[in-house]
Amino acid sequence: MAATSTLTAARGTLLSIALRLTSFLLSQLTVRFVSVAALGKASIPLELLLSTALFVGREGFRLALTKEIGNDRDDAKQSGNTTRNNELNNVEKSRRRDQQIINVSWLSVPVGALLSMLALLIHLQNCNRNTPDSEHDTQTEYTLLDYKVAGMLYCLASFIESLSEPLVNLAFRN
């Protein structure tokens, strides 16, 4: 039993180190091969887009569910000696409350999807507004297209990350 838990912990640690090393190497390659101007232009607005969509889509749910979980624990502490009937009633109430928390937790997925779509529309609108009207050289058009695609990928990443939110809320709950 102890050997398997030690092996699991060692494997988790090695995977964590490998993930961080891979992330570091890919970041260094990105910095090497991408110009500073392109990196700055893409990094700041796109990270702001991603973090805004994620923050608005999940922090309200996290805060509400955290408060609800705290209320559950307080209610459990207050219910001292009870009769058999009250215990069954409390178990039923607890199950109902658990299901309500799970249902609210799953609401973060469609809200995250809507906010990702809204962020995508705002990004595309800003790209179209910032297009220079007087000069349409091929390099500028390709750069704008790359920037649009990058924004689309960031919005897709925002949606994918919002899919994990019910599991994160479950982890907070336990």
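The model shown is predicted, which means the values in this text are computed figures rather than measured ones.
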For the pair K93 and N89, evaluate side chain to side chain contact (heavy atoms under 4.5 Å, CB included) and give the outcome as yes or no after the intermediate values.
-> CA-CA 6 Å; K93 284 181 183 178; N89 197 11; 4.0 Å; yes
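Summarising the geometry, atom CG belonging to N103 is positioned 11.0 Å from atom CG belonging to D98; distances are rounded to the nearest 0.5 Å. Rounding to the nearest 0.5 Å places CG of L65 at 11.5 Å from CD of Q100. With values rounded to the nearest 0.5 angstrom, L156 atom CG is found 11.0 Å from M117 atom CE. Atom CZ of R32 is separated from atom CG of L29 by 8.5 Å, given to the nearest 0.5 angstrom. Taken to the nearest 0.5 Å, the CG atom of L145 stands 10.0 Å off from the SG atom of C127.
F61 and L118 fall within a single hydrophobic cluster, where Ile, Leu, Val, Met, Phe, Trp and Tyr are joined by side-chain heavy atoms under 4.5 Å apart, directly or via other members. One hydrophobic cluster, built from ILVMFWY side chains closer than 4.5 Å, holds both V56 and L107.
Looking at heavy atoms from C-beta onward, L115 lies in side-chain contact with V111 at the 4.5 angstrom threshold. When side chains are defined from C-beta on, R95 counts as touching V91, because their heavy atoms get closer than 4.5 Å.
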Acceptor/donor pairs from residues 7-27 side chains to any protein atom, 3.5 angstrom cut, sequence neighbours excluded:
| residue | atom | partner | partner atom | Å |
| --- | --- | --- | --- | --- |
| T8 | OG1 | T4 | O | 2.7 |
| T13 | OG1 | A9 | O | 2.8 |
| T22 | OG1 | A18 | O | 2.8 |
| S27 | OG | S23 | O | 2.9 |

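Applying the side-chain hydrogen bond (donor to acceptor under 3.5 Å, both in side chains) rule to pairs touching residues 52-62 yields R58-E161, R62-E165, sequence neighbours excluded. Listed by first then second residue, pairs satisfying side-chain hydrogen bond (donor to acceptor under 3.5 Å, both in side chains) with a partner in residues 105-121 read S105-N169, S116-S158, not counting sequence neighbours. Applying the ring-ring contact (aromatic ring centres under 6.0 Å, His included) test to every pair with at least one member in residues 31-58, sequence neighbours left out, gives no pairs at all.
Cluster partners of L49, using a side-chain heavy-atom cutoff of under 4.5 Å among ILVMFWY residues and allowing indirect links, are L46, L50, L54, Y147, Y154.
Looking at residues two or more places apart in sequence or on another chain, you find no side-chain hydrogen bond (donor to acceptor under 3.5 Å, both in side chains) involving Q28.
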